[in-house]
**Student:** 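First the structure, which I've put down as structure tokens, then a few questions once you've had a look.
Every chain is numbered from 1, with letters handed out A, B, ... down the list of sequences.
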Amino acid sequence: MSSRVRGKPQTYVRPVPMNWFAAKQSYTLFILRELSAAFVGVVVLLQLNLVWATGQGRTAFQAALDWYTNPLVVLFHLVALGFVILHAVTWFKLNAHIMELRMGEKVMPQAYMIGSEYIGWILGSALIFWWVVL
Amino acid sequence: MAEPKVRLRILRFRPDRDSSPSMQTYEVPYNKDWVLLDAINWVKDHADQSLSYRWSCKMGVCGSCGMNVNGTPKLTCADPLAEYGPGSTIEIEPLANFPIVKDLVVDIDDFIHKLEEVKAWLIPAKEKSLEEGEYLQSPAELAFYKQFTMCINCMVCYAACPVYAIDTSFIGPAAIALAYRYNNDSRDGAIRDRIDIIGSHEGIWACSFVGECSVVCPKHVDPAAAIQRSKVQTTMDWFQSFLPIGATK
């Protein structure tokens with residue numbers, strides 16, 4: 001759209017396309033990371049539903065468990081898992097920009113920060129696995 | 001043997017006769033020792049004198065030759081032609097997200113206004129007279145913000161920022177990075193003023209951390225880091241305001 005403001009030359013403002021996020025891989029990954037919040041939200045609601053069903057007695061709990069074994073529900077959880085992993089991986093990478101590791105005046109490579117995040121992730125997952133499964 | 005060439009597809013907008021931009025193609029000799037700006041200069045010198053664009057130092061310091069090249073904002077003086085190779089077609093457009101004045105020249109008034117808004121200069125807490133000497137600083141204090149002093153105001157980060165593309169009221173990466181640079185300079189005393197500006201709705205909180213500003217920055221300033229660290233700093237300041245010591249002065 002071309003515009004003229006008094007005292008300024010006429011300029012042309014390029015419109016932003018609706019699919020701007022498809023222009024670059026980094027934009028697409030960003031949108032997918034944002035979208036992951038919707039999947040996480042639905043998973044939390046499903047978990048709350050399970051808690052509610054537990055309070056309704058054995059029959060309601062069993063009915064909820066049966067519903068969770070529906071292939072479509074399992075598929076949804078697999079897709080949600082994929083989004084959560086995407087969120088974690090892209091966020092770990094970005095987080096290294098925020099949290100800078102320094103040794104005195106020397107700034108350590110971002111790989112140190114990213115590596116420590118993955119180590120924390122693995123240790124946290126192992127702890128939950130030991131607590132819940134073993 | 002025919003001389004190797006590259007094709008430059010350049011966006012043209014002549015406000016006196018065009019209602020919208022169009023692309024124009026030029027065949028330019030290929031020279032492996034050239035940067036892209038040399039090829040654009042060849043067009044200006046030998047093919048079309050009406051082509052308008054900005055450049056000055058040709059050594060990655062002045063920050064005026066930023067353009068969108070094949071969709072990616074970059075300094076054309078630091079973009080070797082050898083990376084494209086002979087026979088290639090290179091699409092050159094003005095920096096995205098800015099109004100086009102003519103051809104590859106964009107209107108930078110908005111950015112200049114934002115630099116003024118964030119007070120991107122040193123404001124000592126107490127002015128010293130010449131007799132009192134310099135404002136001293138240790139190497140460790142300098143190291144804390146030095147990376148952010150490298151910004152050359154080229155606006156390449158604004159052209160890569162989808163938040164700025166959608167809402168130009170966003171203060172944007174470079175201006176916030178420079179505000180962060182002065183906020184963390186031990187000689188500065190105006191952090192309170194800047195926090196109020198960059199902590200506004202149009203400031204750091206508008207950034208959704210796409211991170212592309214840091215990817216394209218030709219001086220490795222990492223404006224995304226400055227924005228996120230400013231979020232931490234501003235949040236700490238807000239919590240601190242409830243404590244007896246109060247917010248940052």
**Student:** For Tyr118(A) together with Phe92(A), are the ring centres under 6.0 Å from each other?
**Tutor:**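 They qualify: ring centres under 6.0 Å apart.
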**Student:** Under a 4.5 Å cut-off applied to non-hydrogen side-chain atoms, are Ile10(B) and Leu104(B) in contact?
**Tutor:** yes
**Student:** What part of Asp109(B) is in contact with chain A, defined as an atom under 4.5 angstrom from a non-hydrogen atom: side chain, backbone, both or neither?
**Tutor:**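 Asp109(B) touches chain A through side-chain heavy atoms alone.
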**Student:** Contact part of Val232(B) toward chain A, heavy-atom cut-off under 4.5 Å: side chain, backbone, both or neither?
**Tutor:**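 Just its side chain gets close to chain A.
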**Student:** Taking Pro94(B) as the fixed residue, which of Val106(B), Asn68(B), Val101(B) is the one that meets the side chain to side chain contact (heavy atoms under 4.5 Å, CB included) rule?
**Tutor:** Val106(B)
**Student:** Is there a donor-acceptor pair under 3.5 Å between the side chain of Asp107(B) and the backbone N or O of Pro99(B)?
**Tutor:**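 A pair under 3.5 Å: no.
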**Student:** Give, as side chain, backbone, both or neither, the part of Gln25(A) having an atom under 4.5 angstrom from any heavy atom of chain B.
**Tutor:** neither
**Student:** Answer with yes or no after comparing the ring centroid distance for Phe98(B) and Tyr164(B) against a 6.0 Å cut-off, counting only values under it.
**Tutor:**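 Centroid separation for Phe98(B) and Tyr164(B): below 6.0 Å.
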**Student:** Would you say the ring centroid of Phe21(A) lies under 6.0 angstrom from that of Phe30(A)?
**Tutor:** no
**Student:** May I ask you to name which of Gly71(B), Ser208(B), Gly211(B) has the most heavy-atom pairs under 4.5 Å with chain A?
**Tutor:** Ser208(B)
**Student:** Which answer fits Lys24(A), side chain, backbone, both or neither, if we ask what part of it has an atom under 4.5 Å from a heavy atom of chain B?
**Tutor:**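 Only the side chain of Lys24(A) comes within 4.5 Å of chain B.
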**Student:** Val16(A), Leu94(A), Val107(A), Leu29(A): which one forms the most heavy-atom pairs within less than 4.5 Å of chain B?
**Tutor:**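 Ranked by contacts with chain B, first place is Leu94(A).
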**Student:** With a 4.5 angstrom heavy-atom cut-off, is it the side chain or the backbone of Ala224(B) that approaches chain A, or both, or neither?
**Tutor:**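 No part of it gets close to chain A.
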